[in-house]
Amino acid sequence: MGKKDKNQKKGKGAEKTAMKTDKKLVAKQKKLIAKLGEDDIESVVAKYELKDNKSSILTETICAPPSARVNFSICSHPDKEELFIHGGEFYNGQKTVVHGEFYCYSIVKNDWKELKATNSPAPRSGHQMVSVSTDGGQIWLFGGEYASPSQLQFYHYKDMWVFRIAKKQWEKINASNGPTARSGHRMVASKKNIFVFGGFHDNNSSYRYFNDLYAFSLENYTWSKIETKGVAPAPRSGCCMVANSEGKILIWGGYSKSSVKKEIDRGTTHVDMFSLTVDKNDPSSYKWTSIKPGGRKPPPRSGMSAAIASNGKVFTFGGVMDTEEDEEDVRGTFSNELYLLETSSHTWRKPELACKMKSTKKVQNTDSTMDTKMETELKTVVSDDGIFTMSVGGPSKDVSVGQNDGDKLDLPGPSPRMNAGLAVCKGNLYVYGGLYESGSRQYTLSDFYSLDAHKLDQWKTLIANSSTEWLGSDSEEGSSDDDDDDDDDSDDSSENNTDDSSSDMDTD
């Protein structure tokens, strides 16, 4: 008994020490915030939420495409050829800007509209949106976070909003017993419910990752926490989550971190997959089942984007694999690879995309002695068996093919990145924005691409990326290195589609 009491006292002492340390950090942070002249983040968010009791119709304005951003939310219209984008963030090395704009992109007209209303969700990033066909179309939005310009203050949301597409009107849904405030969670609509899983909460002095599961009823607008059977996925944020037409929900990947020692954390990129289904023995409950997918699966990555098509096929794109060199220095390998997952069989495959090969040869001009260059475009395929040597970093580059210096492989499409916006609409896959790191620099992207989800022939550039100014320090900038290998044994050639740089970001 004496030893037990002694250990309890030690625990209480350690707890008190931690509390004192937290208080010192908070006090230090408050002084720095005051020195910077930043407003308290609670009061900033309160100004946005003063408008919640008002009701207004949106105004639509033709506008330029959204600016560069990452960790925004994107979804397609449930019935029409339209895409919707809300929020996101941009960091230029000195300050962070959090966006609150709401955009609609018409695929048919190829134009952008900004939809404005006094009653609408506050600026945020790391949130989620899903669309359903009810009442002419609805878009549901939950959670996210707001960061101050200095990133010293964070506010996490736990509000639920619905945008009624036919009425062109936002409405805040005040329902109790929902998930706690968070960002980096994932959300899907399935069988008249919206399911929310995981995410994290960070206040700069502490953080927490979640693996809880909630359901929001689209019939009676109520939240319920789902107590599941089976072994649930470990806490994580930024995972992939999809629901097919049969009601099966799949979750895989994601990221979490834990404390190694004082002021040093270690990140974990999760590689497991789980299915969530109604328990056959108890139709009123849900069950987690661990899945071992087959086929050619993607290498372990966080910040990978996923979108499901109506036929149950899931597209995944990009992501980053953190490679720990020591406790304080982390490098990341960014990807622009596209993978397909069959939700019925849990089988992965890496599709082959068509591309153009330009052959430049010297042809003698019959009217003169001068040689001229003739370019011919040939149809070929980007193979995943190592035949082609590809090196892509930042903007897409020409890629050598074989040993003929006159042959160049033209690779259009998105460059390596993490947390890109990915959506499927009417048989086409769309990729927008995201983030790429090089050394200490963070490049937030604003490019836009489409791909025929059936033919899988070639990326189409809808908006070329424009460079963004970096105002931060370059003191930590590292050089590109192709020697890192984050692939499993079944994917020996995917290292050729990646680019290495430092990465210590959390992923939303």
Side-chain angles (χ1 to χ4, degrees), residues 48 63-77 82-92 95-105 112-117 120-131 139-147 149 151 154-157 159-161 163 170 182-188 196 199-200 237-241 255 302-307 316-320 414 417-425 429-437 442-450 462-463 465-466 468 505-508:
Y48 287 113
C63 65
S67 58
R69 62 192 63 204
V70 67
N71 297 328
F72 54 91
S73 194
I74 184 172
C75 68
S76 61
H77 192 294
E82 293 178 341
L83 298 176
F84 294 89
I85 287 178
H86 179 273
E89 61 185 322
F90 173 80
Y91 178 62
N92 65 3
K95 70 175 183 178
T96 296
V97 175
V98 181
H99 296 284
E101 304 97 336
F102 184 45
Y103 294 97
C104 175
Y105 172 70
W112 293 87
K113 289 182 180 178
E114 184 177 357
L115 313 180
K116 295 182 180 180
S120 59
R124 65 191 67 199
S125 65
H127 52 304
Q128 288 282 281
M129 291 195 311
V130 297
S131 62
I139 296 175
W140 290 85
L141 181 152
F142 174 78
E145 69 179 56
Y146 182 88
Q151 292 191 350
F154 293 92
Y155 181 93
H156 291 260
Y157 296 97
D159 50 350
M160 175 71 99
W161 290 79
F163 178 65
W170 281 105
R182 65 190 65 194
S183 64
H185 52 283
R186 289 297 177 259
M187 186 166 82
V188 296
V196 174
F200 74 101
S237 74
C239 62
C240 295
M241 182 178 185
Y255 178 87
S302 57
M304 178 185 288
S305 304
T316 67
F317 175 80
V320 60
R417 66 194 65 199
M418 63 183 286
N419 292 342
L422 196 68
V424 176
C425 185
L429 178 68
Y430 295 88
V431 173
Y432 192 93
L435 182 140
Y436 172 80
E437 294 177 347
Q442 296 178 12
Y443 296 99
T444 309
L445 308 173
S446 60
D447 44 356
F448 190 29
Y449 304 88
S450 68
L462 301 175
I463 301 174
N465 191 54
S466 57
T468 55
M505 287 186 61
D506 200 351
T507 58
D508 285 336

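It should be emphasised that the depicted structure is a prediction, and the values quoted were computed from it without experimental measurement.
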A.B. asks: Please find the pair of heavy atoms, one from Pro123 and one from Tyr157, that lie closest to each other, and give the distance.
C.D. replies: O-OH, 3.0 Å
A.B. asks: So, taking the atom named OH in Tyr155 and the one named CD in Glu145, what distance separates them when rounded to the nearest 0.5 Å?
C.D. replies: 12.5 Å
A.B. asks: Within the 4.5 Å heavy-atom criterion, are Leu435 and Asn419 side-chain neighbours or not?
C.D. replies: no
A.B. asks: Any idea which heavy atoms bring Ser125 and Val98 closest together, and the distance?
C.D. replies: N-CG1, 4.2 Å
A.B. asks: How far does CD1 of Ile74 sit from CZ of Phe84, to the nearest 0.5 angstrom?
C.D. replies: 11.0 Å
A.B. asks: Parallel under 30°, tilted from 30 to 60°, perpendicular over 60°: which one fits the rings of Trp112 and Tyr105?
C.D. replies: tilted
A.B. asks: Looking only at heavy atoms, what is the nearest atom pair of His185 and Gly143, with distance?
C.D. replies: CE1-CA, 3.9 Å
A.B. asks: Find out whether Ser67 and Phe90 are in side-chain contact, i.e. whether some heavy atom of one side chain is under 4.5 Å from a heavy atom of the other.
C.D. replies: no
A.B. asks: Of all heavy-atom pairs between Cys240 and Ala306, which one has the smallest distance, and what is that distance?
C.D. replies: SG-CB, 3.8 Å
A.B. asks: Quick one: sort the Trp170 and His86 rings into parallel, tilted or perpendicular, breaks at 30° and 60°.
C.D. replies: perpendicular
A.B. asks: Verify, without hydrogens or angle tests, whether Ser131 (side chain) and His77 (backbone) share a donor-acceptor contact under 3.5 angstrom.
C.D. replies: no
A.B. asks: Minimum heavy-atom separation for Met187 and Trp140, please, with both atom names.
C.D. replies: CE-O, 3.5 Å
A.B. asks: Any side-chain to backbone donor/acceptor pair from Tyr432 onto Pro66? Under 3.5 Å, distance only.
C.D. replies: yes
A.B. asks: Could you check whether any side-chain heavy atom of Leu83 comes within less than 4.5 Å of a side-chain heavy atom of Cys425, counting everything from C-beta outward?
C.D. replies: yes
A.B. asks: If you measure from CZ on Arg124 to OG on Ser73, what distance do you get to the nearest 0.5 Å?
C.D. replies: 10.0 Å
A.B. asks: Would you give the length of the straight line joining atom CD1 of Ile85 to atom CZ of Phe448, rounded to the nearest 0.5 angstrom?
C.D. replies: 6.5 Å
A.B. asks: Quick check: does any side chain N or O of Arg69 sit under 3.5 Å from a backbone N or O of Gly87, one acting as donor and the other as acceptor?
C.D. replies: yes
A.B. asks: Any non-hydrogen side-chain atom of Tyr103 less than 4.5 Å from a side-chain atom of Cys63?
C.D. replies: yes
A.B. asks: Can any side-chain N or O of Thr444 pair as donor or acceptor with the backbone N or O of Val70 at less than 3.5 Å?
C.D. replies: no
A.B. asks: If we ignore hydrogens and angles and just use 3.5 Å, is the side chain of Arg417 paired with the main-chain N or O of Gly318 as donor and acceptor?
C.D. replies: no
A.B. asks: Please tell me if the side chains of Phe200 and Ser183 come closer than 4.5 Å, counting only heavy atoms from C-beta onward.
C.D. replies: yes
A.B. asks: Is there a donor-acceptor contact under 3.5 Å linking the side chains of Glu89 and Thr96?
C.D. replies: no
A.B. asks: If you measure from CG on Leu429 to OG on Ser450, what distance do you get to the nearest 0.5 Å?
C.D. replies: 8.5 Å
A.B. asks: Do any N or O atoms from the side chain of Asn465 and from the backbone of Ser446 form a donor-acceptor pair under 3.5 angstrom?
C.D. replies: yes
A.B. asks: Just verifying a value: how many Å separate Met129 CE and Phe142 CZ, rounded to the nearest 0.5 Å?
C.D. replies: 15.0 Å
